[in-house]
Amino acid sequence: NQGRVETVEGYIVKIESNKILFAENITLDKLEAIKDKPIGDYNDDISLIYFFYDDLSNFQVGNKVRVLYDGGMDESNPAQASALEIEVIK
């Protein structure tokens with residue numbers, strides 16, 4: 001998938017200096033229940049991805065976002081990819 005732009009939608013679970021922890025297929029209620037727990041305590045049914053991005057100053061935990069990335073994803077756990085664009089959606 002390298003070189004093909006992909007899009008995913010979900011919620012920001014954690015924000016670190018140069019990356020966000022993103023969860024797709026999750027409800028806002030479930031986000032509230034997990035956001036303060038260590039990643040190892042999350043259920044396996046939550047799809048987590050670390051997205052690397054330079055400027056995270058406009059984002060907050062709990063934001064619903066659309067992430068564009070180049071389709072190249074590291075299959076670690078959580079998966080990792082470089083975001084081309086992150087947009088807050090309502």
Side-chain angles (χ1 to χ4, degrees):
N1 284 349
Q2 189 76 29
R4 201 171 93 226
V5 175
E6 305 267 347
T7 305
V8 289
E9 290 184 8
Y11 289 95
I12 295 176
V13 181
K14 294 190 187 310
I15 299 176
E16 298 177 25
S17 59
N18 66 337
K19 63 187 176 184
I20 60 167
L21 183 61
F22 168 94
E24 60 180 335
N25 305 327
I26 190 174
T27 63
L28 202 49
D29 288 343
K30 192 154 193 174
L31 171 69
E32 287 298 320
I34 67 166
K35 70 179 184 183
D36 296 322
K37 294 182 179 179
I39 292 174
D41 291 353
Y42 295 0
N43 294 340
D44 289 339
D45 63 341
I46 300 173
S47 176
L48 297 171
I49 306 168
Y50 271 120
F51 281 112
F52 294 91
Y53 197 66
D54 289 336
D55 183 10
L56 296 171
S57 60
N58 295 325
F59 301 104
Q60 297 176 354
V61 169
N63 282 157
K64 186 171 187 179
V65 293
R66 179 179 301 120
V67 181
L68 274 63
Y69 67 100
D70 72 1
M73 187 164 303
D74 178 354
E75 295 300 323
S76 56
N77 188 16
Q80 299 181 43
S82 292
L84 302 172
E85 183 180 325
I86 302 175
E87 171 189 7
V88 176
I89 54 179
K90 301 292 179 223

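This one's a predicted model, so the numbers in the text were calculated from it and none came from an experiment. The analysis underlying the following values was restricted to heavy atoms, covering all of them including side chains, and did not include hydrogens, waters or symmetry mates.
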Exercise: identify the closest heavy-atom pair between G72 and A81 =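 For G72 versus A81, the nearest heavy atoms are O-CB, 3.7 Å.
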Side chain proximity check, I46 to V13, heavy atoms < 4.5 angstrom =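 Not touching, per the 4.5 Å side-chain cut-off.
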To the nearest 0.5 Å, tell me how far K37 NZ sits from I34 CD1.
->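 The NZ atom of K37 sits 8.0 Å away from the CD1 atom of I34.
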Spacing of NZ belonging to K35 relative to CD1 belonging to I12, to within rounding of 0.5 Å |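 With rounding to 0.5 Å, NZ (K35) is 12.0 Å from CD1 (I12).
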Which pair of heavy atoms, one from Y69 and one from A83, lies closest together, and at what distance?
->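 Smallest heavy-atom distance, with atoms named: CB-CA, 4.2 Å.
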Which residues share a side chain to side chain contact (heavy atoms under 4.5 Å, CB included) with A79, sequence neighbours left out =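 A79: side chain to side chain contact (heavy atoms under 4.5 Å, CB included) contacts with I49, M73.
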If you take all heavy atoms of L28 and G62, which pair is closest and at what distance?
->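 Scanning both residues completely, I find the closest heavy atoms to be CD1-O, 4.2 Å.
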Should L48 and F52 be counted in the same cluster of Ile, Leu, Val, Met, Phe, Trp and Tyr side chains packed under 4.5 Å apart?
->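 They do not share one cluster, since no chain of ILVMFWY contacts under 4.5 Å joins L48 to F52.
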Look up atom OG1 in T7 and atom CG in L68, then write down how far apart they are to the nearest 0.5 Å.
->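 If we round to the nearest 0.5 Å, T7:OG1 and L68:CG are 4.0 Å apart.
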First locate atom OH of Y11, then atom CG of L21, and finally report the distance between them rounded to the nearest 0.5 Å.
->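 Those atoms lie 15.0 Å apart.
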Just say parallel, tilted or perpendicular for the rings of F59 and Y53, cut-offs at 30° and 60°.
->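 Perpendicular, since the angle between the ring planes exceeds 60°.
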What are the two closest non-hydrogen atoms of S76 and Q80, and how far apart are they?
->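 Nearest pair, atom of S76 first, then Q80: OG-NE2, 3.4 Å.
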Nearest 0.5 Å, what's the CD1-CD distance between I26 and E32?
->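 Reported value, rounded in 0.5 Å steps: 10.0 Å.
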Does any non-hydrogen side-chain atom of I86 lie less than 4.5 Å from one of L56?
->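 They are in side-chain contact.
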Sequence neighbours excluded - salt bridge (charged side-chain N to carboxylate O under 4.0 Å, His left out) pairs with any residue from residues 9-24 =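 The answer is E9-R66, E16-K19.
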Taking N63 for its side chain and V65 for its backbone only, find out whether a donor-acceptor pair lies under 3.5 Å.
->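 No, N63 side chain to V65 backbone: no donor-acceptor pair under 3.5 Å.
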